[in-house]
Amino acid sequence: MIEFNDHRSSSNQSHNFDEALVERIAYRKVPLPLEIVESDPQWPTYFEISNSRILSAFPENSTKQVDINATRPTILFISHVVSTSVPGLPAKAVIDIDIDLVLSSNTRPYEAYYVPRLENAGFQFNLREPQWYEHRFFVAAEPIACNLHVWGPGCALAERHRIFRDWLMTSPIDCDLYARVKRECAAQAREKGEGMNEYSARKDKVVAQIMVRACEGMRCQGGMHQ
């Protein structure tokens with residue numbers, strides 16, 4: 001497979017998974033290189049471009065009025081996450097976006113509503129992982145590579161992404177540590193001919209340590225997300 005694991009490298013930590021439970025729809029047309037580049041001040045702009053495309057696909061959506069009994073999904077959050085969302089942090093040149101949906105049941109019955117809209121907005125539907133937080137994965141290539149993750153209701157992983165991001169923005173020490181580890185792990189993975197999942201696994205220990213400090217720090221600051 002060309003890029004089976006690259007959608008998981010966006011999550012700060014790797015995790016065990018059963019490939020048989022992944023329902024593949026399509027493959028990324030252009031594989032992503034495992035290369036950490038310097039932070040690009042244009043990354044927030046690229047996110048805003050993608051964000052605008054998402055919002056334009058759901059003009060009737062309101063994030064202010066949430067109805068869990070609605071017959072169509074409500075977008076609760078659209079979040080720029082992972083390394084390109086942290087100013088100054090080196091990263092793979094990929095914009096990662098989390099969409100949190102509010103649903104009255106699992107995600108599949110609503111795919112007929114949101115998948116065509118996202119595809120018409122330029123996001124290719126690549127796979128579904130019902131066992132993993134109702135994950136649906138989309139990609140785009142313009143104006144820069146983009147991973148779009150659609151999550152089911154109450155997704156703890158999406159919340160974790162936001163906590164991790166916000167902590168790195170406020171902790172220069174952990175931000176520098178994470179940058180160094182990312183470069184080291186990417187170099188080791190390339191040297192051994194490994195892929196994205198192995199790269200992510202190499203970071204796990206440090207990511208877990210940073211996440212503990214992030215949760216403690218956010219609680220102390222009264223900033224845990226609700």
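FYI, side chains are in, hydrogens and waters are out, and symmetry mates aren't considered; it's all heavy atoms of this structure. Treat the numbers as computed from the prediction; the structure is a model and nothing was measured.
Using a 4.5 Å heavy-atom threshold, the side chains of L177 and I173 count as separate. Side-chain atoms of I97 and I54, non-hydrogen and from C-beta on, do get closer than 4.5 Å to each other. Within the 4.5 Å cutoff, the side chain of W167 has heavy atoms near those of the D174 side chain. In this structure, the side chains of M169 and P87 come closer than 4.5 Å at one or more pairs of heavy atoms. The shortest distance between side-chain heavy atoms of I78 and L55 falls below 4.5 Å. Contact annotation: the side chain of L118 approaches that of L148 to within less than 4.5 Å [non-hydrogen atoms, C-beta and beyond]. Counting only heavy atoms from C-beta outward, the side chains of W151 and L157 approach each other to under 4.5 Å.
Atoms SG and CG, from C175 and L168 in turn, are 5.5 Å apart once rounded to the nearest 0.5 Å. Atom OH of residue Y27 and atom CG of residue N126 lie 9.5 Å apart, to the nearest 0.5 angstrom. Rounded to the nearest 0.5 Å, atoms OH (Y178) and CD (Q209) are 13.0 Å apart. Once rounded to the nearest 0.5 Å, the distance linking CD1 of I95 with CD1 of I49 reads 9.5 Å. Atom CZ of F47 sits about 9.0 Å away from atom OG of S85, to the nearest 0.5 Å. Here the straight-line distance linking atom CG of L101 with atom OH of Y114 works out to 6.0 Å at 0.5 Å rounding.
A salt bridge links E159 with R162: the distance from a Lys NZ or Arg NE/NH1/NH2 to an Asp or Glu carboxylate oxygen falls below 4.0 Å. Ion pairing between a basic and an acidic side chain is recognised when a charged N comes within 4.0 Å of a carboxylate O; E134 and R136 show such pairing. Comment: E194 engages R202 in a salt bridge, judged by a side-chain N to carboxylate O separation of less than 4.0 angstrom.
Between the side chains of N120 and R53, no donor N or O sits under 3.5 Å from an acceptor N or O. Side-chain polar atoms of S83 and K92 form no donor-acceptor pair below 3.5 angstrom. In the model, D96 has no side-chain atom that pairs as donor or acceptor with a side-chain atom of H80 under 3.5 Å.
In terms of modelled atom types and a separation under 3.5 Å, the side chain of R28 and the main chain of V139 share no donor-acceptor contact.
In plain terms, the two heavy atoms of S79 and R165 that are nearest each other are CB-NH1, 4.1 Å. Scanning both residues, Y199 and A189, for their nearest heavy atoms gives CB-CB, 4.1 Å. In terms of heavy atoms, L89 sits closest to A179 at CD1-CB, 3.7 Å. Of all heavy-atom pairs between K182 and A91, the closest is NZ-CA, 3.9 Å. Between I36 and A186, the shortest heavy-atom distance links the atoms CG1-CB, 3.7 Å.
Residues meeting the side chain to side chain donor-acceptor pair (under 3.5 Å) test with E23, sequence neighbours left out: R108, R128. In this structure, D98 has no salt bridge (Lys or Arg N to Asp or Glu O under 4.0 Å) partners at least two apart in sequence or on a different chain. Residues forming a side chain to side chain donor-acceptor pair (under 3.5 Å) with Q124 (at least two apart in sequence, or on another chain): none. Here F138 pairs with F125 under the ring-ring contact (aromatic ring centres under 6.0 Å, His included) rule; sequence neighbours left out.
Residues in residues 38-51 take part in these side-chain hydrogen bond (donor to acceptor under 3.5 Å, both in side chains) pairs, two or more places apart or across chains: E38-R183. Here salt bridge (charged side-chain N to carboxylate O under 4.0 Å, His left out) pairs that include residues 113-125, with residues two or more places apart or in two chains, are E60-R117.
Note on ring orientation: taking the six-membered ring where Trp is involved, the planes of H135 and W132 are perpendicular (angle over 60°, cut-offs 30° and 60°).
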